[in-house]
A.B. asks: 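Okay, here's the structure, questions in a sec.
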Amino acid sequence: MSRKNVPSTHTIIYLAVLLVACGILFLLKGITGPTGQSDADNAAQPAHIPDGKGRMAVPDTTVAADVDAAVRDSLHQTDASLTPDRDQRTAEEAGAEDGYWDGYYDGSQGRENNAESLSAPPYTTAVARDTYAANYREGYRRGYDEGCRNRKTIAGGGQ
């Protein structure tokens, strides 16, 4: 025989490694099955869903009667002081705060002084409305002056 017809050692080793690799692949494919899940994963699925697909778990949302009644009762109990239907501050405090912040904003934005352009105060009695208006004007003047000073300080380089 000539040397060219005899398979070399490298070729034999290459074929042997190729056969072993193919055998391992077929063995692993046989173990995991057609869906790519192992037998342990398939065992965890219910019998009526063989591949584990197609359904989702539905949570149990039932509530015990005693818990449901307690929740329903607590929803209807509200504290009257927690309702946001009117301002809980006094007329003096509300007027001073509202006026100060309106004035500060106008002064810092360079707007004109509008201390006298007060809309209707949110109080029902004439005394409370007058008190609110007087404190609003006073707070507006203080806020406007401070807003103007801060605007000049910022524009002047912070000095």
A.B. asks: Counting only heavy atoms not in Gln109, do more than 12 sit closer than 6.0 Å to its CD atom?
C.D. replies: yes

A.B. asks: What pair of heavy atoms forms the shortest contact from Arg142 to Ala96, and how long is it?
C.D. replies: NH2-CB, 4.4 Å

A.B. asks: Rounded at 0.5 Å granularity, tell me how far OG1 in Thr90 sits from CG in Asn135.
C.D. replies: 8.0 Å

A.B. asks: Could you identify which residues cluster with Trp101, counting Ile, Leu, Val, Met, Phe, Trp and Tyr as linked when any side-chain heavy atoms lie under 4.5 Å apart, either directly or through a chain of such contacts?
C.D. replies: Tyr100, Tyr104

A.B. asks: Side-chain heavy atoms under 4.5 angstrom apart, residues restricted to Ile, Leu, Val, Met, Phe, Trp, Tyr: same cluster for Leu19 and Leu27?
C.D. replies: no

A.B. asks: Any chance the side chains of Asp98 and Tyr140 put a donor and an acceptor closer than 3.5 Å?
C.D. replies: no

A.B. asks: Which residues pass the salt bridge (charged side-chain N to carboxylate O under 4.0 Å, His left out) test with Glu146, not counting sequence neighbours?
C.D. replies: none

A.B. asks: Kindly write out the residues that satisfy salt bridge (charged side-chain N to carboxylate O under 4.0 Å, His left out) with Asp106, not counting sequence neighbours, or none if the list is empty.
C.D. replies: Arg111

A.B. asks: Please give me the minimum heavy-atom distance between Ala91 and Ala128, naming the atom from each residue.
C.D. replies: CB-O, 3.5 Å

A.B. asks: Apply side chain to side chain donor-acceptor pair (under 3.5 Å) to residues Asp102 and Tyr144 and explain how you reach the verdict.
C.D. replies: CA-CA 8 Å; Asp102 288 347; Tyr144 187 83; over 6 Å; no

